[in-house]
A.B. asks: 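What follows is a single structure, and I will ask about it in a moment.
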Amino acid sequence: EAQVTQNPRYLITVTGKKLTVTCSQNMNHEYMSWYRQDPGLGLRQIYYSMNVEVTDKGDVPEGYKVSRKEKRNFPLILESPSPNQTSLYFCASSGWGVRDTQYFGPGTRLTVL
Amino acid sequence: AQTVTQSQPEMSVQEAETVTLSCTYDTSESDYYLFWYKQPPSRQMILVIRQEAYKQQNATENRFSVNFQKAAKSFSLKISDSQLGDAAMYFCAFIFGNEKLTFGTGTRLTIIP
């Protein structure tokens, strides 16, 4: 089954404790991206990747890191999480670029205390 | 600046009736792509419909259709024969020249049995 998976689905952590949210797709997609969703703000892009070893900032990259060492994986790293990073996070992928239909993962609910 | 506006935070419709969700945008680009995404209570983001700005014909997908008015910069979604399963948050989204998917703030649709 073609899908985008994210882990964990739920995470409660404390300020400053490094964490990684994994994202994996099995569709051989080139384009992958991360979004955060906050009430009243819709979804905002954090980082995106056009292909392996190619990443770029979205609208709200501060406090986040990403890497794209393999085509299928695009982890989101919070080196020192803060309460303002409490949010719902989505990973998405598409075949040949952002203009192609994007497939979203199920979301990760992160709470930073 | 490129902006996307959904002016209706909440809407409701009687089951089997028709409802229209509005979305307006502002851009100086001439080539762009427009989308409507649905987010049911499961939080999964699901593509409902896609429209290319260069196409004059409005896109349709079964009970879902758009009214794309390029000169007015309006992109509304019409849902016909509303069903209980249509209850969700609906987001319009655009890809302008910078190859970034920009979302509106969403409209919560309630279906009244």
Side-chain angles (χ1 to χ4, degrees), chain A residues 1-6 8-11 21 23 25 27 29-51 54-61 87-111, chain B residues 1-10 21-25 27 29-55 59 61 64 75 77 88-109:
Chain A
E1 179 188 355
Q3 60 182 351
V4 179
T5 57
Q6 294 179 227
R9 296 287 309 279
Y10 301 88
L11 179 61
V21 184
C23 173
Q25 49 92 5
M27 297 169 278
H29 283 172
E30 293 185 353
Y31 183 93
M32 297 185 74
S33 62
W34 277 101
Y35 299 86
R36 62 177 288 174
Q37 183 181 3
D38 301 291
L41 297 178
L43 279 78
R44 295 177 293 167
Q45 191 178 54
I46 302 170
Y47 270 95
Y48 65 95
S49 170
M50 299 292 286
N51 214 324
V54 180
T55 64
D56 208 346
K57 297 177 181 179
D59 289 323
V60 288
S87 188
L88 178 59
Y89 291 87
F90 287 98
C91 179
S93 73
S94 59
W96 46 266
V98 68
R99 297 187 179 193
D100 193 9
T101 297
Q102 293 209 38
Y103 294 84
F104 282 80
T108 295
R109 170 73 70 187
L110 172 65
T111 301
Chain B
Q2 293 158 336
T3 59
V4 179
T5 302
Q6 292 181 252
S7 58
Q8 307 154 312
E10 296 183 354
L21 309 183
S22 66
C23 178
T24 59
Y25 59 94
T27 182
E29 303 283 344
S30 59
D31 180 28
Y32 46 92
Y33 296 77
L34 309 95
F35 307 84
W36 277 97
Y37 279 90
K38 170 184 178 181
Q39 187 179 42
S42 67
R43 304 186 321 205
Q44 182 73 45
M45 293 291 290
I46 303 165
L47 178 66
V48 175
I49 204 163
R50 168 194 173 107
Q51 172 85 42
E52 287 83 3
Y54 64 85
K55 290 186 177 178
E61 285 289 342
F64 298 86
F75 182 59
L77 175 70
M89 281 288 285
Y90 287 82
F91 293 95
C92 62
F94 295 80
I95 297 171
F96 301 114
N98 61 1
E99 303 290 343
K100 184 176 63 174
L101 187 59
T102 300
F103 285 83
T105 53
T107 296
R108 182 174 303 280
L109 179 64

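First the proteins, then the strands, lettered A, B, ... as listed; each starts at 1.
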A.B. asks: Are the side chains of Phe104(A) and Leu43(A) in touch, meaning some heavy atoms are under 4.5 Å apart?
C.D. replies: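 Phe104(A) reaches Leu43(A) side chain to side chain.
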
A.B. asks: Once you measure the plane-to-plane angle for Tyr35(A) and Phe103(B), does it fall in the parallel (<30°), tilted (30-60°) or perpendicular (>60°) bin?
C.D. replies: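 The arrangement is perpendicular - the two ring planes meet at more than 60°.
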
A.B. asks: Is Arg50(B) in contact with chain A via its backbone, its side chain, both, or neither, using a 4.5 Å heavy-atom distance?
C.D. replies: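 Arg50(B) touches chain A through side-chain heavy atoms alone.
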
A.B. asks: Measure distances from Tyr103(A) to the heavy atoms of chain B and classify the residue's part below 4.5 Å as side chain, backbone, both or neither.
C.D. replies: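 Neither part, no heavy atoms under 4.5 Å.
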
A.B. asks: Side chain, backbone, both or neither: which part of Gln39(B) has an atom under 4.5 Å from a heavy atom of chain A?
C.D. replies: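 Contact with chain A: side chain only.
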
A.B. asks: Checking Gln6(A) side chain against Tyr89(A) main chain: does a donor-acceptor pair fall under 3.5 Å?
C.D. replies: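 Checking the backbone N and O of Tyr89(A) against the side chain of Gln6(A), a donor-acceptor pair under 3.5 Å is found.
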
A.B. asks: Parallel, tilted or perpendicular, judged at 30° and 60°: which one describes the rings of Tyr25(B) and Phe94(B)?
C.D. replies: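 Tyr25(B) vs Phe94(B) ring planes: tilted.
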
A.B. asks: Using non-hydrogen atoms and a 4.5 Å limit, figure out which bit of Leu41(A) sits close to chain B: side chain, backbone, both or neither.
C.D. replies: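 For Leu41(A), the backbone is the part near chain B, not the side chain.
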
A.B. asks: Which one wins on heavy-atom pair count under 4.5 Å against chain A: Gln6(B), Arg43(B), Met45(B)?
C.D. replies: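 Most heavy-atom pairs within the cutoff with chain A belong to Arg43(B).
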
A.B. asks: If I measure from the heavy atoms of chain B, does Gln37(A) come under 4.5 Å with its side chain, its backbone, both, or neither?
C.D. replies: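 Just the side chain, heavy atoms under 4.5 Å.
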
A.B. asks: Once side chain to side chain contact (heavy atoms under 4.5 Å, CB included) is applied, do any residues pair with Pro61(A), and if so which ones, sequence neighbours excluded?
C.D. replies: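 With neighbours one apart ignored, the set is Tyr47(A), Lys57(A).
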
